[in-house]
Amino acid sequence: MEINPTRRTVLRGAGRAGVLYTLIATGVFKTTAAIAAAWNKTAFDSKDTIGALKGIGANAAADSNDIILKAPTIAENGAVVPVDVVSNIPNTTSISILVEKNPFPLSAHFEFANGALPDVSVRLKFAQTSLVKAVVKADGKFYTVQKEVKVTVGGCGG
Amino acid sequence: MTDPMKIRAQMKGDVAEVRVLMSHPMETGQRKDAAGNAVPVHFIQNISIEVGGKVVVEGQTGTSVSRNPVFGFKVKGAKVGDKVAVNWIDNKGDKRTDEASIT
Amino acid sequence: MTKKILMVAMASPFLIAAMPVAADADYRAKAIAVIKKDFKPQGQATLDRLDEDGLQALCSRTGNKPPEYIAKRLEADQLAAVIYPSDSKLLGDWKAGEALAQSGRGFTWTDKPGLPVGGNCYNCHQISPKETSFGTVGPTLYQFGKLRGNSEEIQKYTYSRIYNSKGYNLCTEMPRFGHIGALKEQQIKDLVALLLDPESPVNK
Amino acid sequence: MKQRFIRALCAMLLISSALAQTPKKPAVKVPKSSSQAAPQAAEEKDAATLEFEKFRAEMEDSNPAELFEMKGEELWKAKRGPKNVSLAESCDLGQGVGKLEGAYVKMPRYFADADAVMDAERRIVWCMVEEQGFKFDDIEKKPFANASFTPDITNLVTYVAGQSRNMKIAVPLDDPKVRDAYETGKEIAAYRAGPYDFSCNTCHGSDGKRIRMQNLPNLGTPKGAISSVQGWPGYRMTDGVMLTHQWRMGDCFRQQRFPEPRYASDVVAYLLTYMTGNANGHVYKGPGIKR
């Protein structure tokens with residue numbers, strides 16, 4: 001049931017959560033309540049991309065063409081923007097998605113184990129035209145790719 | 001009270017494609033209701049996907065995730081009939097688990 | 001204002017009686033009965049809004065194609081009711097006009113009564129090339145002044161066309177912004193400037 | 001910024017659209033005719049539309065509307081109301097009690113028990129009142145969804161509509177009562193009134209028009225009619241709410257500067273008969289997603 005030892009990096013600074021995590025990972029607990037303790041408040045509450053990246057342990061990330069980031073060039077509606085990320089980097093263990101111009105850029109963070117492919121699709125709110133950034137962790141190193149999404153008129157009546 | 005999720009899990013070749021629709025307001029805390037009162041922040045913070053009893057994906061989410069979230073994942077090594085369980089828990093401690101079988 | 005609408009309303013039944021009718025009278029009567037029965041007032045949108053004035057009735061029942069001789073007479077009536085500014089200065093501030101042209105607010109049951117209403121212009125017209133989100137219900141107004149100049153005559157024409165477009169085309173889809181009191185004198189002047197001022201992006 | 005997320009979201013959408021869609025080069029300096037700028041803008045629109053369409057399939061493939069269908073199914077099958085009966089065992093949508101397959105695409109239709117032409121939403125409300133014993137006034141108080149509330153009727157309509165997915169629209173226009181409703185609806189669509197002299201047809205009576213960037217279907221043509229029926233009930237991305245075709249009619253009247261049509265009334269049923277009838281023969285794709 002071990003998910004992935006590098007996960008602890010994510011939980012650095014959250015000691016109790018780390019313990020809980022270990023218990024979940026070893027199968028002692030398997031409740032959603034236990035998972036909740038592992039929400040990375042520092043990273044999600046960060047108001048800028050750099051802070052959010054630090055929060056997930058990514059002080060530096062190299063640009064990579066091996067990450068496929070699919071998002072519309074022009075979004076039909078900023079309230080629901082489909083974003084797909086696929087990592088072709090071997091040993092990818094996590095994918096984080098950030099919307100740079102949102103009040104809180106870190107939008108979602110996923111960890112993969114037991115056969116899950118590093119391939120996720122989500123739908124995100126965009127407060128305005130912004131870069132969307134995917135950050136991948138593989139073999140303990142971070143890689144990134146980004147794309148601009150333009151947000152179009154409408155959605156607010158008027 | 002929480003509403004059920006809609007889970008679709010299908011084998012495409014040797015990969016199981018899992019799509020999950022969740023019923024959740026994902027309130028940012030910045031929206032005002034019709035009366036002008038701020039609607040309190042209320043959003044899913046953690047999700048996990050289990051296939052055949054093993055956790056395959058664990059996710060953390062923030063307020064940027066759209067209302068009534070939609071997630072898609074792919075899992076190798078699963079087979080038709082395997083149970084898929086999806087869990088979420090939000091910032092108020094509300095939680096929900098739903099299951100489906102891979103078809 | 002109301003008086004003018006009434007005048008038209010009183011004048012037209014005679015005309016309507018004398019002309020060919022495109023719509024099926026029975027279904028039209030039924031439609032009106034259903035409309036009168038099935039609406040409720042909401043916010044500023046009161047039930048009197050459901051009453052047709054003569055011009056509206058004429059357009060509705062002829063599929064917006066009234067006989068020429070009737071249209072001409074009623075257009076003249078509409079145009080005769082245009083009130084021009086007393087100072088005969090018709091070019092306002094094109095920047096204020098641009099802001100007004102952008103706004104589509106006003107008169108719906110969710111709009112606060114009494115607030116200034118928007119010009120709704122971009123909803124239907126292309127105007128400044130800087131705004132590419134424009135409607136196509138009406139013709140493009142890009143280069144309106146460049147093509148026509150801004151002589152006193154053109155200014156007067158433009159003012160009256162915004163004030164009451166039905167003075168030129170009886171069943172046009174364009175609202176009678178000045179006639180119904182939606183847009184005030186200064187607002188219409190600002191829109192005239194948006195269309196005619198050589199400095200306006202419309203004419204650059 | 002944090003405090004103004006949603007307001008900023010709205011304002012920014014508007015502002016950035018202006019920026020995002022501004023042509024990189026200003027329009028030709030001295031065009032010979034004033035119409036030259038229009039095609040350029042049309043091309044921009046096409047690029048945007050193509051991009052929207054690329055992601056449409058994905059959006060439709062996993063549409064939150066399905067969540068509302070699920071709730072609607074539960075409500076349809078549950079014994080509810082003062083009479084404690086389920087709609088499944090009591091409600092006839094025109095195909096027999098409890099029969100849902102294809103019912104949505106065969107409405108509006110005439111129901112002798114109610115002596116009225118009814119669209120799906122109106123009929124389900126009728127069943128809730130007559131069969132289950134709910135009070136019409138209670139349903140009418142809050143008939144449509146908002147960001148914090150979805151009425152049962154919306155879920156029910158969404159479920160029922162889902163049971164006609166990928167079926168051909170077949171409003172029974174050969175029924176004289178339905179034909180009457182259709183012809184009356186056609187006249188309602190042509191009725192000009194209100195401060196702006198608007199009728200439905202002002203915006204929806206000719207081909208190829210748009211308000212700002214929104215295309216305006218011509219209700220009088222099969223192509224326009226189907227595009228105005230398609231996708232309703234629809235999940236509206238902006239507020240994340242599920243809205244019905246009845247809601248759409250009401251909001252059109254709002255923008256027409258008319259008063260509000262009464263809920264589940266003839267005027268809406270007749271208009272829907274006209275529009276949906278014009279779409280006969282086209283395939284209805286089920287509950288949709290709207291911007």
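In what follows, chains are A, B, ... by sequence order, proteins preceding strands, each numbered from 1.
Within a 6.0 Å sphere centred on NZ of D:Lys285, other residues, nucleotides and ligands contribute 12 heavy atoms or fewer. Around atom NZ of D:Lys83, more than 12 heavy atoms belonging to other residues, nucleotides or ligands sit under 6.0 Å away. Around atom CD of D:Glu140, more than 12 heavy atoms belonging to other residues, nucleotides or ligands sit under 6.0 Å away.
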Enumerate donor-acceptor pairs with a distance under 3.5 Å from any side-chain N or O in residues 2-11 of chain B to protein atoms, sequence neighbours excluded.
residue, atom, partner, partner atom, Å
B:Thr2, OG1, B:Arg96, NH1, 3.3
B:Asp3, OD2, D:Lys71, NZ, 3.2
B:Lys6, NZ, D:Glu66, OE1, 3.4
B:Arg8, NH1, D:Asp61, O, 3.4
B:Arg8, NH2, D:Asp61, OD2, 3.0

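Closest heavy-atom contact between B:Asn68 and D:Gly240: ND2-O, 3.6 Å.
The shortest distance between side-chain heavy atoms of B:Val39 and D:Ser148 does not fall below 4.5 Å.
Under a 3.5 Å cut-off, the side chain of B:Arg67 and the backbone N or O of D:Asp239 do form a donor-acceptor pair.
Between chain B and the residues D:Val241, D:Leu67, D:Asn146, the most heavy-atom pairs under 4.5 angstrom are made by D:Leu67.
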